[in-house]
Amino acid sequence: MKKSFLISCIFTFCSQITFAQKETTVISIKTISDAPTINKNIYGHFAEHLGRSVYGGFFVGDTSKIPNTKGVRNDIIKALKDLKIPNLRWPGGCFADTYHWKDGIGPKEQRPTIVNQWWGGVTEDNSFGTHDFLNMCELLGAEPYLSGNVGSGTVQELSDWIQYTNFAGKSPMSDLRKKNGRTEPWKVTYWGIGNEAWGCGGNMTADYYAGEYRKYATFMSDWGNKEGLIRIASGSNSADYNWTETLMKSIPLNLLGGIGVHHYSVINWDKKGDAVDYTEEQYFKTMKEALKMEELVTKHAAIMDKYDPKKKVAMIVDEWGGWYDVEKGTNPGFLYQQNTLRDAVLAGATLNIFNNHADRVRMANLAQCVNVLQAVILTDKAKMILTPTYHVMQLYSVHQDATLLPISFNSPLYAYNGETLPAISVSASKDKNGLVHISLVNIDSKNSNKVEIDTKDLGVKNFSGKIITAKKLQDHNSFEQPDKIIPIAFKDFENKKGKLEITIPPFSVIVLEGK
């Protein structure tokens, strides 16, 4: 009797566990009158003078047989325009604090060379400079974000650069710009005052950098730019909350347009792991590092809120992404790596975090755009491919400048070796045309997850969807198979009486559109 009762209890308990594992996750989406706009600049990119990012990536020179416009590859221009790239950060990165902008203007044959001490020790000829970059941004329809040299530069040098790019009247720098072939100024709005001042930008303390920032910012005139200047402080290294605290309490808010945050999803800086040949353990640890972005944004925002309750100062996550060991046989200083389904999932989950914190996060820059780290584009001479990360960012571009729809839910868990992570990531928005977009990510490497979304109050009835996934986590696009991973139609959902019932496959990214 006791034995049969015990067996019955065990069976009931096991059944409850099985049921719990198969439970549907209920996601609530709200519409609120004061919801923030998801700033399009959250979907920004980064181009550093690093490896084949600029030379051999964006820029091939106007004598190249590869079709180009003033030296910039036409296929890359088209791909980034299709991506709706909102802004592009340049020239670094660590390189920015050794870059002297006057070396990159004037006749190309007269420009001095420079040795890139940070990335590979290569000598470059400065053939890609201020005019080339800013003209390229015009072709792309993207806002330029210039990183000024604080580490080895001067206040005068940065002030002159702003005058050169922004002043329409007569002055020494505007006259020099006209002499170099550009009559009208470019009106650059976004300016970084140094990069990683805590590290390669000068190994400064937070207090020292705050003083340097105040000095540089004081002499940065907008030179008639109607939009003004948005001055961006070199932000913290990941979870250095003291850095953010020091800057917020030490810099007058009228001099501070934004504070940066840098965070890379690295499992071990000494042994980062292969970009393609990785284990589930390495995948899990990479996702753990990626999802730390939620905690970082939340805690940095709380500090900023103390000193800036009206949220005038933007959080600028101007370097983020996955960082692995370089591809075998490539220059270690060029940071060239492949891009798999892992990177697509990482990108989707991170962008959901940024969207959901749109009240404070108003710009972000994936590192980097072409041929470096978590690139959206890879090139090999005349060949070019789009990575899984590109396709995620293209799907997510529907959120740009749309109104955030706040979401709430309790995520099922992705378990590995005694640890767990939230498996599901979601963000949603409504655009000016009334279209609702819901982006969903399942990071679980083995299990599908079922979710239910109540859509009755969203004002839409008909839904369609696209999905990015693959047979294996390690799958990727190559120059031999450039379309192995592309968005395809997603139909594994039902719309029943205002409730969407969705099954999200393992390691997948989905964007639904309702109208």
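Note that the numbering runs from 1 along the sequence shown for the chain. These values consider heavy atoms only, across backbone and side chains, with no hydrogens, waters or symmetry-generated copies.
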Looking just at side-chain N and O atoms, do [X] and [Y] make a donor-acceptor pair shorter than 3.5 Å?
X	Y	value
Trp101	Asn149	no
Ser429	His437	no
Gln481	Asn477	no
Tyr241	Ser236	no
Ser425	Asn352	yes
Glu294	His357	yes
Asp62	Asn68	no
Ser439	Ser427	yes
Ser448	Asn442	no
Ser53	Asn371	no
Glu513	Ser464	no
His45	Gln368	no
Tyr278	Gln474	no

Evaluation steps, side chain to side chain contact (heavy atoms under 4.5 Å, CB included), between Leu366 and Met393: CA-CA 10 Å; Leu366 176 68; Met393 296 197 81; 3.7 Å; yes

Exercise: identify the closest heavy-atom pair between [X] and [Y]:
X	Y	result
Val266	Glu289	O-CG, 3.4 Å
Phe46	Ala367	CD2-CB, 3.8 Å
Ser147	Arg89	OG-NE, 3.5 Å
Ala290	Leu346	CB-CG, 3.8 Å
Cys94	Glu48	N-OE2, 3.0 Å

Thr379 vs Ile76, side chain to side chain contact (heavy atoms under 4.5 Å, CB included): CA-CA, chis, key distance, verdict: CA-CA 9 Å; Thr379 68; Ile76 287 183; 4.1 Å; yes

Pairwise distance OG1(Thr189) to CG(Asn166) - rounded to 0.5 angstrom: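 So the OG1 of Thr189 and the CG of Asn166 are separated by 7.5 Å.
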
Stepwise side chain to side chain contact (heavy atoms under 4.5 Å, CB included) check, Lys81 with Ile85: CA-CA 6 Å; Lys81 288 180 75 171; Ile85 178 175; 5.8 Å; no

With sequence neighbours excluded, residues passing side chain to side chain contact (heavy atoms under 4.5 Å, CB included) with Lys381: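 Residues passing side chain to side chain contact (heavy atoms under 4.5 Å, CB included) with Lys381: none at all.
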
Parallel, tilted or perpendicular: ring planes of Phe95 versus Tyr99, cut at 30 and 60 degrees: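 Ring orientation of Phe95 relative to Tyr99: tilted.
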
Parallel, tilted or perpendicular, as decided by the 30° and 60° cut-offs, for the rings of His131 and Tyr164: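 Plane angle over 60°, so perpendicular.
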
Test side chain to side chain contact (heavy atoms under 4.5 Å, CB included) applied to His391 and Leu386, step by step: CA-CA 7 Å; His391 294 303; Leu386 307 177; 4.0 Å; yes

Sub-4.5 Å side-chain heavy-atom contact between Tyr213 and Ser234: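 No - every pair of side-chain heavy atoms lies 4.5 Å or more apart.
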
Check: His49 ring centroid to Tyr55 ring centroid under 6.0 Å: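 Ring-ring flag for His49/Tyr55: true, centres closer than 6.0 Å.
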
Over-ring placement of Arg342 relative to Tyr283, 6.0 Å and 45° cut-offs: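 No, Arg342 does not lie over the aromatic ring of Tyr283.
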
Steps toward side chain to side chain donor-acceptor pair (under 3.5 Å) verdict (Thr244, His300): CA-CA 7 Å; Thr244 299; His300 283 295; 2.8 Å; yes

Residue of the set Tyr145, Trp90, Trp161 for which ring pair (Phe, Tyr, Trp, His ring centres under 6.0 Å) holds with Trp191: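 The ring pair (Phe, Tyr, Trp, His ring centres under 6.0 Å) with Trp191 is passed solely by Trp161 among Tyr145, Trp90, Trp161.
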
Verdict with reasoning, Tyr390 to Asp343, per side chain to side chain donor-acceptor pair (under 3.5 Å): CA-CA 10 Å; Tyr390 176 97; Asp343 298 289; over 6 Å; no

Qualifying residue, where the test is side-chain contact (heavy atoms from CB on, under 4.5 Å) with His262 and the options are Leu296, Asn195, Val317: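 Of the listed options, the one satisfying the test is Asn195.
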
Neighbour count >12 (heavy atoms, 6.0 Å) for atom CD, Glu184: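 Counting other residues, nucleotides and ligands, CD of Glu184 stays at 12 neighbours or fewer.
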
